[in-house]
Amino acid sequence: MKLEESFYQRKDVVKIAKELLGKVLITNINQNITGGIIVETEAYSFKEKGCHAYNNRMTERNKVMFEDGGRAYVYLCYGIHHLFNVVTNVEGKADAVLIRALEPILGETYMLKRMKTQSIKRVTSGPGKLTKALGIDRRLNGHYLLHGRVWIEDYGITFPKNSIRASSRIGIAYAEEDADLPWRFTVKGSEWISKMVIGNRAI
DNA sequence: TAGAGGATTGAT
DNA sequence: TCAATCCTCTAC
């Protein structure tokens, strides 16, 4: 069952980021259905410095974040990678959840083809990789998640509270004290989460 | 309008 | 450890 507007348009982006774990992100690009169970997310709020929309700063890039919840915010990072976010909260309140890793369950063949690899373990374990595997790019920026080519479904999978790990978000050292907010959520023990490194420590 | 830098990744 | 790669934002 597709998640409805009311799921996205709530105020608590951190809660939504946790609840998205276990949901299934699906795309239909050129009739190729691909998708996976979300196992890693990060919450971003306009109230903190890690967010593109901090202090209500609206630019050409992030203006989708200021629209009503339930849309895709896709942007290009490092000139190479497309990153996929879910816009949450109501119009004017620019919150979003970055999807960082999936467990592939639909269209594995297409994903392997897009990633030019034989290893399914590597196709969706990182925010830049999963967008490529699912065929997501900036053309889907602003796209409504309730119909069309990209959406999120509830497959009835719920991870118990004690199996969700909260840690600090990746790659936002510039956010000063807000860089320490424990707003990255991963499924404990999942072999599908991203392998980013903080300092010398692999996490 | 030029210049710097980024919510990453994979190869070395 | 570092290059790839280009869009976005800021300052001038």
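Atom set for the values below is all heavy atoms of this structure, side chains included, hydrogens, waters and symmetry mates excluded. Residue numbering restarts at 1 for every chain, and letters A, B, ... go by the order of the sequence lines.
- With rounding to the nearest 0.5 angstrom, the CZ atom of A/F84 is 8.0 Å from the CG atom of A/L140.
- With values rounded to the nearest 0.5 angstrom, A/S190 atom OG is found 12.0 Å from A/I164 atom CD1.
- In this structure, A/Y73 places its OH atom 11 Å from C1' of C/dC7, rounding to the nearest Å.
- Of the side-chain N and O atoms in A/R100, one or more sit less than 4.0 angstrom from OP1 or OP2 of B/dT8.
- The one candidate from A/M111, A/K113, A/R114 that meets the side chain to side chain contact (heavy atoms under 4.5 Å, CB included) condition with A/N32 is A/R114.
- Rounded to whole Å, atom P of B/dG6 lies 17 Å from atom OH of A/Y54.
- Residue pairs meeting the side chain to side chain donor-acceptor pair (under 3.5 Å) criterion with at least one member in residues 122-136 of chain A, sequence neighbours excluded, are A/S125-A/K129.
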Distances under 3.5 Å between protein N/O atoms and the N/O atoms of nucleotides 4-6 of chain C, please, pair by pair.
unit_1, atom_1, unit_2, atom_2, d
C/dT5, O2, A/Y78, O, 2.5
C/dC6, O4', A/G79, O, 3.4

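- One finds a salt bridge joining A/K49 and A/E176 here, because a Lys/Arg side-chain nitrogen approaches an Asp/Glu carboxylate oxygen to under 4.0 Å.
- Listed by residue number, the members of residues 41-53 of chain A with any heavy atom below 4.0 angstrom from DNA chain B are A/Y44, A/G50, A/H52.
- Remark: C1' of B/dA7 and CD1 of A/I170 are 9 Å apart, rounded to the nearest angstrom.
- A donor-acceptor pair is defined here as one N or O able to donate and one able to accept, closer than 3.5 Å; such a pair exists between the side chain of A/N62 and the backbone of A/H52.
- Nearest heavy atoms, A/L20 versus A/I38: O-CB, 3.4 Å.
- When the C1' atom of B/dT9 is taken as reference, atom CG of A/L83 falls 11 Å away, rounded to whole Å.
- In this view, A/K121 and A/E191 satisfy the salt bridge (charged side-chain N to carboxylate O under 4.0 Å, His left out) rule, not counting sequence neighbours.
- Between A/R169 and A/E48, at least one side-chain N (NZ, or NE/NH1/NH2) sits under 4.0 Å from a carboxylate O, which counts as a salt bridge.
- Contact check, A/Y75 against B/dG6: no side-chain N or O comes under 4.0 Å of OP1 or OP2.
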For DNA chain B, what is the dot-bracket line, given that a base pair needs Watson-Crick (N1 to N3, plus N6-O4 or O6-N4) or G-U wobble (N1-O2 and O6-N3) geometry with both distances under 3.5 Å, and | means paired with another strand?
-> ||||||.||||.

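- Rounded to a whole Å, the CG atom of A/L98 is 16 Å from the P atom of B/dG6.
- Listed by first and then second residue, the ring-ring contact (aromatic ring centres under 6.0 Å, His included) pairs involving residues 109-134 of chain A amount to none (not counting sequence neighbours).
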Sort me out a list of protein N/O and nucleotides 10-12 of chain B N/O pairs below 3.5 Å, or just none if empty.
unit_1, atom_1, unit_2, atom_2, d
B/dG10, OP2, A/K129, NZ, 3.2

Can you give me the N/O atom pairs linking the protein to nucleotides 10-12 of chain C at distances under 3.5 Å, or say none if there are none?
unit_1, atom_1, unit_2, atom_2, d
C/dT10, OP1, A/R57, NH1, 2.2

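- Pairs engaging residues 28-38 of chain A under the salt bridge (Lys or Arg N to Asp or Glu O under 4.0 Å) rule: none recorded [sequence neighbours left out].
- Distance noted for atom C1' between B/dG5 and C/dC2: 16 Å (whole Å).
- Listed by first and then second residue, the side chain to side chain donor-acceptor pair (under 3.5 Å) pairs involving residues 74-92 of chain A are A/N89-A/D95 (not counting sequence neighbours).
- Side-chain N or O atoms of A/T41 include one that pairs as donor or acceptor with a backbone N or O of A/A17 at under 3.5 Å.
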Could you walk me through whether A/I170 and A/E42 pass side chain to side chain contact (heavy atoms under 4.5 Å, CB included), step by step?
-> CA-CA 9 Å; A/I170 304 297; A/E42 282 180 3; 3.5 Å; yes

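- Screening residues 16-26 of chain A for salt bridge (Lys or Arg N to Asp or Glu O under 4.0 Å), with sequence neighbours left out, gives A/R10-A/E19, A/K15-A/E19.
- Partners of A/E67 under the salt bridge (charged side-chain N to carboxylate O under 4.0 Å, His left out) rule, at least two apart in sequence or in another chain, are A/R71.
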